[in-house]
Amino acid sequence: MRLCYWMPGTLMTLVLLAVSGCGDGPSKASNASTEDRRAPAASRSTAIVVTLDEVMLHNITVQELREKPLSLVLSATGKVQFNEDKLARILAPVGGQVQQLRIKIGDAVQAGAVLFVIHSREIAAALDEYYESRKDQDLTEKTYAMTQDLFAHQAASRIALQQAESELVKAKARVARTVETLRALGVELHEKRAFEAGGSARVPVRAPLSGTVIERTVTEGQFVQPDNTSLATIADLSTVWVVADVFERDLHLVQPGQKAEVTTTAYPEQRFVAQVARISDVVDPTTRTVKVRLLVANPEGRLKPEMFASVSLFLHDAAPALIVPPQAVFTEGDRSFVYVKTGAREFVRRAVETTPHDGELKVLSGLQAGEQVVSEGALMLRLQEEKQAIN
């Protein structure tokens, strides 16, 4: 029952306002209590302890959190290329005709094997000069020996002996010069054939390294010149290069010698061991990337030049971190939560911050090592929490 009294002026007004305010108070408190019961658990300031019975406990999985070291991985894309350090382009040492061509594209060759020979007029002329110089040397040696004997018996003057000695020195110098000329042309002379006249005017062209013939532009009987035209190319494919594009912002993470793995579309299940060999000194102005060259082991020859490749660069190990399975984390609004075990049958939701890492979630905040979280069955706990909140 509400009692009202007449009062004059302003005092009457104040009393009426006070009475009106008192009447509304209980109604507002009741509404607030109802809204609090209906509000989601995520918005409450006090966490609700969720209690499960024995049957429910058998339907969830609890996992203890432990720290483990994480390897940071930087991903990039690239392309397979020849290892230029093990690539040889065969040039003609002299001009002439190609003979006895023994290689085809795809052939495996060993270092030192003869690929073909070149019959050269230049070599023939150099050989003739060599043999003439050897004959002159032989003659001057005999003349010097005879003059020396005559001088010993006082039958020749000292001047004659000195002239014979000078001629011998000149003859030997000429022989040495012709030998060096032949060596520059690819002809090595041996002592047993040093005096053979009319020696072969053909120079063998040998493989400088073991590998596979990947290119051949010369044919049998073709005349070639001693220029920069490649007659054949040999590549050792036991190792290849992968040139990857690394963004400028990530360049500080890459160092020569870092380990890496390479995968390709052709062999998605196989991982090729690689190592950072060189980092380019130039930034591409269009893509803002830097070329990083990796040396990749290719023992079976599966990696082919011009293949596209995916590169995983293993950076320095990071500090140990907590890892939580993705199914343990659920989201409401813009926040993430997990359920933490606090007793034998009690659980409490906990707000957490995580970031993806290698198929799992790395914990940034909200959890500590040793705590137990629900890794399977979080949905059942959420339903149970809502029931307890309503009741």
Side-chain angles (χ1 to χ4, degrees), residues 1-2 18-75 269 312 314-391:
M1 181 177 64
R2 181 181 300 177
V19 172
S20 176
C22 292
D24 292 341
S27 177
K28 290 183 178 180
S30 176
N31 292 340
S33 176
T34 303
E35 291 174 0
D36 181 67
R37 287 198 302 269
R38 294 177 181 176
S43 63
R44 300 189 190 104
S45 59
T46 303
I48 296 177
V49 177
V50 182
T51 304
L52 302 182
D53 57 30
E54 293 298 331
V55 176
M56 292 180 177
L57 283 176
H58 287 87
N59 293 325
I60 66 171
T61 301
V62 178
Q63 177 177 323
E64 183 177 348
L65 295 180
R66 296 185 181 276
E67 289 185 337
K68 67 177 184 180
L70 301 181
S71 295
L72 299 178
V73 177
L74 178 64
S75 299
E269 301 300 325
S312 296
F314 298 113
L315 310 181
H316 298 297
D317 288 343
L322 288 177
I323 296 296
V324 64
Q327 60 269 26
V329 181
F330 60 94
T331 303
E332 288 186 359
D334 58 351
R335 302 180 67 187
S336 298
F337 300 88
V338 298
Y339 282 105
V340 180
K341 186 176 182 181
T342 58
R345 296 188 296 118
E346 289 78 28
F347 301 85
V348 175
R349 76 160 57 197
R350 180 90 57 79
V352 295
E353 293 184 11
T354 61
T355 183
H357 179 84
D358 198 19
E360 296 180 301
L361 294 177
K362 175 184 174 182
V363 178
L364 301 179
S365 65
L367 294 171
Q368 296 181 356
E371 290 187 305
Q372 295 181 325
V373 300
V374 177
S375 59
E376 293 184 10
L379 177 59
M380 185 181 67
L381 281 164
R382 293 174 68 185
L383 296 175
Q384 185 67 12
E385 182 180 5
E386 291 299 329
K387 288 182 180 179
Q388 293 183 200
I390 294 174
N391 295 333

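For the single chain, residues carry numbers from 1 onward in sequence order.
- Here the CG-OG1 distance, from Leu364 to Thr354, works out to 6.5 Å after rounding to the nearest 0.5 Å.
- Here the rule is side-chain contact (heavy atoms from CB on, under 4.5 Å) with Val348, and of Ile48, Val340, Val49, Val50 only Val49 fits it.
- No side-chain heavy atom of Leu383 sits under 4.5 Å from any side-chain heavy atom of Met380.
- Taking 4.5 Å as the limit, some side-chain heavy atom of Leu381 sits within range of a side-chain heavy atom of Leu52.
- Shortest non-hydrogen contact noted between Gln327 and Ser375 is CG-O, 2.8 Å.
- Once rounded to the nearest 0.5 Å, the distance linking CD1 of Ile60 with CG of Leu379 reads 12.5 Å.
- Contact annotation: the side chain of Glu385 approaches that of Tyr339 to within less than 4.5 Å [non-hydrogen atoms, C-beta and beyond].
- Atom CD of Gln368 and atom CD of Glu67 lie 10.0 Å apart (nearest 0.5 Å).
- The structure places NZ of Lys68 at 4.0 Å from CD of Glu360, a figure rounded to the nearest 0.5 Å.
- By the 4.5 Å heavy-atom criterion applied to side chains, Gln63 and Glu376 are not counted as neighbours.
- Across every non-hydrogen atom of Ala328 and Val324, the tightest pair is CB-CG2, 3.8 Å.
- The side-chain hydrogen bond (donor to acceptor under 3.5 Å, both in side chains) check on Arg350 picks up Glu371, with sequence neighbours excluded.
- Nearest heavy-atom pair across Phe347 and Thr342 is N-OG1, 4.0 Å.
- Across all non-hydrogen atoms, the minimal contact from Val329 to Ser336 is CG1-CB, 3.7 Å.
- Residues Ile323 and Leu65 approach most closely at O-CD2, 3.7 Å, considering heavy atoms.
- When all heavy atoms of Phe314 and Val73 are compared, the closest pair comes out as CD2-CG2, 3.8 Å.
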